[in-house]
Amino acid sequence: VQLQASGGGLVQAGGYLSLSCAASGRTFSTDIMAWFRQAPGKEREFVAGISRSRSGGTTYYADSVKGRFTISRDDAKNSMYLQMNSLKPEDTAVYYCATCPIAYASTSWGNQQIYDSWGQGTQVTVSS
């Protein structure tokens, strides 16, 4: 699966951005789609994940973004989205989309080892 992330940019604290991730190739193997992020000097961390619509469209969020970010996907368009509201300077990072071909339980979605495809990343910068 090839993934193309887009939508990053510079925004003031309290603002919003919307990220998109388009999948191509073996899109039947995208049971779980997720967003991760990596801030300067920090390890990459899980942000949010979502299962296929036919599997219930389950969503799961990191505590740090719960209530502010909303993940969604359109399986007909092989795309995933991340609506980010009430952005904080600590949300500044490169955001990556990833896919997993196996329908693991949501408690496993934070494990980067289950993902076999990664996008190139899109920069999100939140100024204070």
Side-chain angles (χ1 to χ4, degrees):
V1 179
Q2 292 77 50
L3 301 173
Q4 180 71 42
S6 60
L10 172 64
V11 65
Q12 289 188 330
Y16 63 91
L17 279 176
S18 182
L19 304 184
S20 299
C21 177
S24 60
R26 297 168 60 91
T27 56
F28 56 85
S29 63
T30 57
D31 274 75
I32 300 167
M33 299 186 78
W35 290 98
F36 285 77
R37 67 185 181 186
Q38 186 168 22
K42 295 187 177 181
E43 294 186 352
R44 189 162 56 186
E45 64 177 4
F46 174 80
V47 175
I50 186 168
S51 66
R52 280 190 177 278
S53 298
R54 66 168 184 247
S55 300
T58 302
T59 58
Y60 190 69
Y61 297 91
D63 288 342
S64 58
V65 306
K66 202 172 294 183
R68 299 188 299 121
F69 291 11
T70 301
I71 189 171
S72 61
R73 64 188 287 173
D74 185 337
D75 290 329
K77 296 182 178 180
N78 297 316
S79 294
M80 172 179 64
Y81 310 96
L82 186 68
Q83 179 64 40
M84 306 184 293
N85 297 329
S86 302
L87 283 162
K88 305 175 180 180
E90 50 264 44
D91 294 318
T92 294
V94 176
Y95 283 70
Y96 299 90
C97 54
T99 61
C100 170
I102 301 173
Y104 289 106
S106 58
T107 49
S108 299
W109 294 0
N111 179 2
Q112 298 182 42
Q113 300 302 316
I114 70 172
Y115 299 91
D116 64 354
S117 296
W118 292 83
Q120 85 290 358
T122 184
Q123 176 71 47
V124 171
T125 303
V126 184
S127 63
S128 57

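Atom set for the values below is all heavy atoms of this structure, side chains included, hydrogens, waters and symmetry mates excluded. Residue numbers run from 1 in the order of the sequence given.
- Taking all atoms of both residues into account, the shortest heavy-atom contact from A34 to M80 is O-CE, 3.4 Å.
- In this structure a side-chain-to-backbone donor-acceptor pair under 3.5 Å is missing from E45 to A62.
- Cluster partners of Y60, by chain and number: I32, F36, F46, V94, Y96, I102, Y104, W109, I114, Y115, W118. The rule joins Ile, Leu, Val, Met, Phe, Trp and Tyr whenever side-chain heavy atoms lie under 4.5 Å apart.
- Take T58 and apply the side-chain hydrogen bond (donor to acceptor under 3.5 Å, both in side chains) test, not counting sequence neighbours, and it matches no residue.
- Applying the salt bridge (charged side-chain N to carboxylate O under 4.0 Å, His left out) rule to E90 yields no partners; only residues at least two apart in sequence or on another chain are considered.
- Evaluation of the salt bridge (charged side-chain N to carboxylate O under 4.0 Å, His left out) rule for R26 yields no partner, not counting sequence neighbours.
- Evaluation of the side-chain hydrogen bond (donor to acceptor under 3.5 Å, both in side chains) rule for N85 yields Q83 as partners, not counting sequence neighbours.
- For residues 41-76, no residue pair satisfies the disulfide (SG to SG under 2.5 Å) rule, not counting sequence neighbours.
- Of all non-hydrogen atoms in S128 and P89, the two that sit nearest each other are CB-CG, 3.8 Å.
- The only option from L3, V47, L82 that meets the side chain to side chain contact (heavy atoms under 4.5 Å, CB included) definition with C97 turns out to be L3.
- For Q123, the side-chain hydrogen bond (donor to acceptor under 3.5 Å, both in side chains) partners at least two apart in sequence or on another chain are T125.
- Every residue two or more places apart in sequence or in another chain that forms a salt bridge (charged side-chain N to carboxylate O under 4.0 Å, His left out) with R73 is listed here: D75.
- Checked against salt bridge (charged side-chain N to carboxylate O under 4.0 Å, His left out), K42 has no partners two or more places apart in sequence or in another chain.
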Table please: side-chain donor-acceptor pairs of residues 16-24 below 3.5 Å, with sequence neighbours left out.
none

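- In this structure, the separation between CZ on R37 and OG1 on T92 is 9.0 Å, given to the nearest 0.5 Å.
- Between V65 and M84 the shortest side-chain heavy-atom distance does not fall below 4.5 Å.
- Pairs engaging residues 95-119 under the salt bridge (Lys or Arg N to Asp or Glu O under 4.0 Å) rule: none recorded [sequence neighbours left out].
- Heavy atoms only, all atoms of each residue included: V11 and L87 are closest at CG1-CD1, 3.5 Å.
- For the side-chain hydrogen bond (donor to acceptor under 3.5 Å, both in side chains) test, no residue two or more places apart in sequence or in another chain qualifies with Q4.
- Pairing each heavy atom of I71 with each of M33, the nearest pair is CD1-O, 4.1 Å.
- A donor-acceptor pair under 3.5 Å is formed between the side chain of T122 and the backbone N or O of G8.
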